[in-house]
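We name chains A, B, ... by the order of the sequence lines, and we start the count at 1 in each one.
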Amino acid sequence: MEFRDDTYYINQVLQGNVNAFSYLVEKHKRMAYTLALKLVRVPEDAEEIAQDGFVKAYQSLKEFRGHSKFSTWLYTIIYHTSISRLRRKQLEIISIDDYQNRTFDVYESDHFLTQFTIEEQNTLVRSAIDRLPDDERALITLYYLNECSVKEITSITGDSETNVKTKLFRIRKKLWEMLKYRFKDQTIEQYEDKR
Amino acid sequence: MKTNDKTIEALIAGKIKNLGLDEPSAEFTLKVMQVIAEQPAISVKQRNFWWLLALIPILVGIGWYILLILKLTGYITRLWESIVSGIQPYVAAIISLPDQFKSIKISPLLFIGFVAIIMLLTIEELYSRAKHTS
């Protein structure tokens, strides 16, 4: 489906064409849901948060001035709604320190394979990401999956640029520590050669 | 071999991007639009400048009274010169001031114009409110 610029649909909605908002929903729903899911980790809750985020964005559309992208504004709503939901539910966070002290689960200990399939690699990466704190999971989702700039991430999360960069650096190190021995077929040389 | 940060970043970025985005349920958009359909309309209120028309009779009235005051100044000057030259004040006043200053009348046309503009604005406001709620 070809989409126009967000501004076009926003203007349509403000002129009274409410159905134009469905194009904005279709365009941004996957990233909105992914962001919420990375934070709350429950698909039903993530879907509810993403839907609420779109409704709140619609209700406040008159105040949207276009200084940032619509997606940045939307993800800000979803990020803060998810964080509020997490604080209310007080979900358990498993930190990297706990991970290092835990015994590996069955999947990890029984799958000392010489080669993982792509699907298995993805499962390991997801598992590693799930072990990160909430804000760090959101950060890598925004940075890598949505390719948000550091500046956009600061406006979404409310963090400073320095903090965001520091956290991204730390996250990469953490994930690297968790994953480096798992991809025996993905050698360093492959990445060194591509640089 | 020491792995540098750029290599780690490339590796991690590649792995995360491979995950792709998660897919919400098929009815996601429908559910959102159903909730939105129950919301009041949010179209931006059109700014109108019809209210500026109400200023026209006011400005015309102010201009008219300013001209009147300027004329009055001229007449008072003449009155004063008459008194100073020895003519009795009552006689000087009769000679100097024209009839229009002997009784002050508010122009009925200005008043009717002002009321008409206010009525037009009220009708326009009621019409646009009815249009939004229908």
Side-chain angles (χ1 to χ4, degrees), chain A residues 11 13-19 21-23 25-26 29-38 43 46-47 50-55 58-62 118 121-122 124-126 128-129 140-141 143-147 168-169 171-173 175-176 179-180 183 186 188-192 194-195, chain B residues 1-54 119-134:
Chain A
N11 287 336
V13 174
L14 292 175
Q15 284 166 24
N17 180 11
V18 177
N19 289 333
F21 196 79
S22 64
Y23 288 92
V25 177
E26 275 297 309
K29 66 177 182 181
R30 292 177 72 216
M31 185 58 207
Y33 175 69
T34 303
L35 178 61
L37 187 60
K38 282 289 179 288
E47 190 149 312
Q51 286 168 1
D52 284 350
F54 277 107
V55 173
Y58 171 80
Q59 289 167 339
S60 313
L61 208 56
K62 261 192 299 191
I118 296 293
Q121 286 182 32
N122 287 347
L124 283 170
V125 173
R126 278 199 191 92
I129 291 170
I140 54 167
T141 303
Y143 189 73
Y144 290 111
L145 290 177
N146 200 49
E147 296 181 339
L168 282 169
F169 178 78
I171 291 165
R172 282 194 287 270
K173 289 282 189 198
L175 289 174
W176 173 242
L179 297 169
K180 65 183 176 183
F183 302 110
Q186 302 282 334
I188 302 303
E189 282 78 14
Q190 278 178 289
Y191 288 91
E192 293 279 357
K194 279 178 186 169
R195 279 192 306 116
Chain B
M1 175 182 5
K2 191 173 161 62
T3 311
N4 67 26
D5 292 334
K6 279 199 188 313
T7 309
I8 292 173
E9 173 160 10
L11 178 69
I12 297 299
K15 294 300 174 196
I16 294 172
K17 283 180 184 174
N18 272 347
L19 296 177
L21 296 175
D22 295 295
E23 197 70 45
S25 65
E27 305 87 29
F28 183 91
T29 305
L30 182 64
K31 286 179 189 172
V32 171
M33 295 310 291
Q34 278 174 343
V35 174
I36 283 171
E38 294 160 9
Q39 307 282 322
I42 58 150
S43 55
V44 173
K45 197 169 151 52
Q46 297 289 336
R47 290 175 102 187
N48 68 65
F49 299 98
W50 291 106
W51 62 273
L52 285 174
L53 287 175
M119 282 176 66
L120 272 172
L121 287 173
T122 309
I123 291 166
E124 195 269 338
E125 177 68 24
L126 289 171
Y127 176 71
S128 65
R129 278 188 198 181
K131 201 175 158 190
H132 281 302
T133 51
S134 67

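Residues satisfying the ring pair (Phe, Tyr, Trp, His ring centres under 6.0 Å) criterion with A:Y144, sequence neighbours excluded, are absent altogether. For A:E147, the salt bridge (Lys or Arg N to Asp or Glu O under 4.0 Å) partners at least two apart in sequence or on another chain are B:K17.
The two atoms that bring B:E23 and A:K29 nearest to each other are OE2-CE, 4.2 Å, heavy atoms only. Minimum heavy-atom separation, A:N122 to B:K15: OD1-O, 4.5 Å. Here the closest non-hydrogen pair linking A:M31 and B:L21 is SD-CD2, 3.6 Å.
Contact annotation for A:L37: only side-chain heavy atoms (C-beta onward) come within less than 4.5 Å of a heavy atom of chain B. Looking at A:A32, there are no atoms closer than 4.5 Å to chain B (heavy atoms on both sides), in backbone or side chain.
Taking 4.5 Å as the limit, some side-chain heavy atom of A:K38 sits within range of a side-chain heavy atom of B:D22. Contact check for B:I12 versus A:I140: no side-chain heavy atoms found under the 4.5 Å cut-off. Between A:V125 and B:L19 the shortest side-chain heavy-atom distance falls below 4.5 Å.
A:T141 OG1 to B:I16 CD1: the interatomic distance, rounded to the nearest 0.5 Å, is 8.0 Å. Within the model, atoms OG1 of B:T29 and CZ of A:F21 stand 10.5 Å from one another, a figure rounded to the nearest 0.5 Å.
For the set A:L145, A:I129, A:D52, the count of heavy-atom pairs under 4.5 angstrom toward chain B peaks at A:L145.
With A:Q51 contributing its side chain and B:K31 its backbone, the two residues share no donor-acceptor pair below 3.5 Å.
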